[in-house]
Amino acid sequence: MTKGAVALLIRGVTGSWTADLWKARFEDLCPDRRVVQMPDATVDPLEVQYAVVWTPAPGDLQAFANLRVIFNLGAGVDALMVDETLPAVPLVRVAVPDLTSRVSEYVLLHVLMHHRQDPYLRQAQRDRSWAPRPQWPAAAVTVGIMGLGVLGSDAALLLRRVGFRVVGWSRGPHEIKGVECFYGAAQLDTFLSRTNILVCLLPLTPDTRGILNRSVFTRLNRSSRLGAPVVINVGRGALQNEADILSCLSDGTLGAVSLDVFNEEPLDKESPFWSHPRVVLTPHNAGATDPIVVSNYVLEQITQFEAGGKLENLVDRAKGY
Ligand code: NDP
Ligand code: OXD
């Protein structure tokens, strides 16, 4: 019996691979299945049992009446959650150690960069200025992590190992050794009042959209050696109010930001973020996962599922992440 076809619906940038490379990879991995890159007029939509997607357009999956599983090529599923026609089949997202450790590396790099006053030191080097400033220990700074899921909890443990004080905030209660954990709207203030460097690893949902705004920034703690607080957003661009970030940098509410994600990607060439002296920006590559690892992960899950096993890292459709 022929095995069900795999349809690829890949738009935008997924790590370093084009849609053609993904197709070639899945053809190698599953020679016993038809692998089609949509749109493809030659394929009967009823053949398709698995969809491998990255930011498909709403409605793109509707025609696959025999679809069994959707695999999202990233951790965040916000682009799928807005599709009211998304077939009601299991939706698997990426949660693999390769991605987790890359995102934790990014968080550590950017926390250290601000803590060690690296933007100032780089400018001093360009100016040929030998001008050391006092430096404080990691334990003098509290990093607050919004989102204590797969990524946030790993970053929290790494930062603890380096010596930072770490607090976390999530939707429900969590226990992480050495990390003071808060949850829900009622505990947001306490979490913010402890935080000197705010790291955002939330998913984008109706509840979290725009959460990185002036009201939140003004409640951050300003009493550490760092002075004005710092924000590092690794989650999604629509979590942040970009006008508020710029005005809070201007009036000193924020000392600096690191942004990996933006409301519009790629970032407009005219955006003031590019040249702002207190903005460190990266092109949504905090978690540029290895496509080999991700494609293996998808195929292992299909094999496991067809053998009667469970799918892993299923999205909770009601929660939206
Ligand atoms: P998880 O689903 O494992 O964790 C999400 C966390 O956010 C959970 O702790 C959850 O709380 C918390 N959360 C969700 N909604 C709320 C809310 N309303 N209030 C408070 N906390 C909330 O996701 P991951 O850790 O795997 O990934 C997080 C996000 O990171 C992704 O959705 C994606 O957008 C982004 N990402 C960005 C990358 C990049 O390259 N920049 C790479 C990979 C991911 P609870 O635990 O209580 O449910
Ligand atoms: C993801 C991402 O969600 O790359 O994995 O942003």
Side-chain angles (χ1 to χ4, degrees), residues 10-17 52-55 71-82 91-107 109-110 144-158 167-176 179 181-192 198-212 216 232-240 258-263 265 267 280-291 293-294 297-298 312-321:
I10 300 174
R11 291 193 317 151
V13 181
T14 47
S16 50
W17 275 16
V52 176
V53 306
W54 182 247
T55 65
F71 294 95
N72 184 53
L73 287 177
V77 291
D78 42 288
L80 294 168
M81 291 296 101
V82 295
L91 168 58
V92 173
R93 69 190 191 97
V94 173
V96 290
D98 179 80
L99 172 62
T100 306
S101 53
R102 286 171 194 240
V103 171
S104 289
E105 275 175 17
Y106 182 97
V107 171
L109 171 71
H110 287 261
I145 304 191
M146 291 181 122
L148 292 175
V150 174
L151 303 178
S153 56
D154 190 74
L157 290 171
L158 183 61
V167 295
W169 182 72
S170 51
R171 183 164 134 143
H174 280 257
E175 273 185 33
I176 303 175
V179 177
C181 297
F182 300 94
Y183 69 96
Q187 296 184 1
L188 179 60
D189 263 355
T190 318
F191 162 78
L192 295 172
L198 181 69
V199 174
C200 182
L201 276 166
L202 288 170
L204 176 63
T205 68
D207 289 339
T208 61
R209 180 175 290 274
I211 194 167
L212 298 176
V216 157
I232 300 174
N233 185 15
V234 196
R236 281 288 181 269
L239 294 166
Q240 71 204 11
S258 281
L259 305 174
D260 185 50
V261 285
F262 295 88
N263 276 278
E265 294 178 7
L267 185 63
V280 181
L281 74 81
T282 47
H284 195 147
N285 76 338
T289 346
D290 182 348
V293 172
V294 175
Y297 165 81
V298 170
E312 288 158 25
N313 304 312
L314 285 169
V315 171
D316 179 331
R317 297 273 192 116
K319 286 184 177 168
Y321 61 94

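Starting from 1, each residue takes its place in the sequence as its number. The figures here come from the full heavy-atom set of this structure, side chains too, leaving out hydrogens, waters and symmetry mates. For ligands, and for the atoms within them, numbers begin at 1 and follow the listed sequence. Note that the coordinates shown come from a computational prediction; the quantities given were computed from them, not determined experimentally.
For ligand 2 and H284, the ligand atoms under 4.0 Å from any heavy atom of the residue are 2 (C), 4 (O), 6 (O). Which parts of ligand 1 touch A75 is read off a 4.0 Å heavy-atom cut-off, strictly below it: atoms 43 (C), 44 (C). Within ligand 1, the atoms closer than 4.0 Å to a non-hydrogen atom of L148 are 6 (C), 8 (C), 9 (O), numbered from 1 in the order shown. Interface atoms of ligand 1 facing H284, defined by a heavy-atom separation under 4.0 Å, are 39 (C), 40 (O), 41 (N). When each atom of ligand 2 is checked for a heavy atom of G76 under 4.0 Å away, the hits are 1 (C), 3 (O). Every atom of ligand 2 is numbered from 1 in the order shown, and the set under 4.0 Å from a heavy atom of A75 is 1 (C), 3 (O), 5 (O). Within ligand 1, counting atoms from 1 as listed, the ones closer than 4.0 Å to a heavy atom of R236 are 33 (C), 34 (O), 35 (C), 36 (N), 37 (C).
In L202, the parts holding a heavy atom less than 4.0 Å from any atom of ligand 1 are both the side chain and the backbone. If you look at D207 next to ligand 1, the close heavy atoms, those under 4.0 Å, all belong to the side chain. Looking at M146 against ligand 1, nothing comes within 4.0 Å, counting heavy atoms. With a 4.0 Å cut-off on non-hydrogen atoms, V234 touches ligand 1 through its backbone as well as its side chain.
Under the 4.0 angstrom criterion for non-hydrogen atoms, G74 is not in contact with ligand 1. L201 counts as a contact of ligand 1, since one of its heavy atoms falls under 4.0 Å from the ligand. Ligand 1 is approached by W169 to a heavy-atom distance shorter than 4.0 Å.
Considering each of I211, V77, I145, T208, the one bringing a non-hydrogen atom nearest atom 17 (C) of ligand 1 is T208. Residue R236 holds the heavy atom nearest to atom 3 (O) of ligand 2 of all those in R93, R236, R102.
Counting protein heavy atoms only, atom 5 (C) of ligand 1 is closest to P203 CD, 3.7 Å. Nearest protein neighbour of atom 40 (O) of ligand 1, counting heavy atoms only, is G287 N, 2.9 Å. Considering only non-hydrogen protein atoms, atom 21 (N) of ligand 1 sits nearest to R171 N, 2.9 Å. The nearest protein atom to atom 4 (O) of ligand 1, hydrogens excluded, is given as G149 CA, 3.2 Å; this is a heavy-atom distance. Summary of contacts: the protein heavy atom closest to atom 27 (O) of ligand 1 is L151 CD1, 3.4 Å. At the shortest separation from atom 47 (O) of ligand 1 among protein heavy atoms lies G172 N, 2.6 Å. Given atom 48 (O) of ligand 1, the protein heavy atom at minimum distance is Y321 OH, 2.6 Å. Of the protein's non-hydrogen atoms, G76 CA, 3.8 Å is the one closest to atom 31 (C) of ligand 1.
Considering backbone and side-chain N/O atoms, V150 comes within less than 3.5 Å of an N/O atom of ligand 1. Inclusion of V103 in the set of residues having an N or O under 3.5 Å from an N or O of ligand 1 is not warranted.
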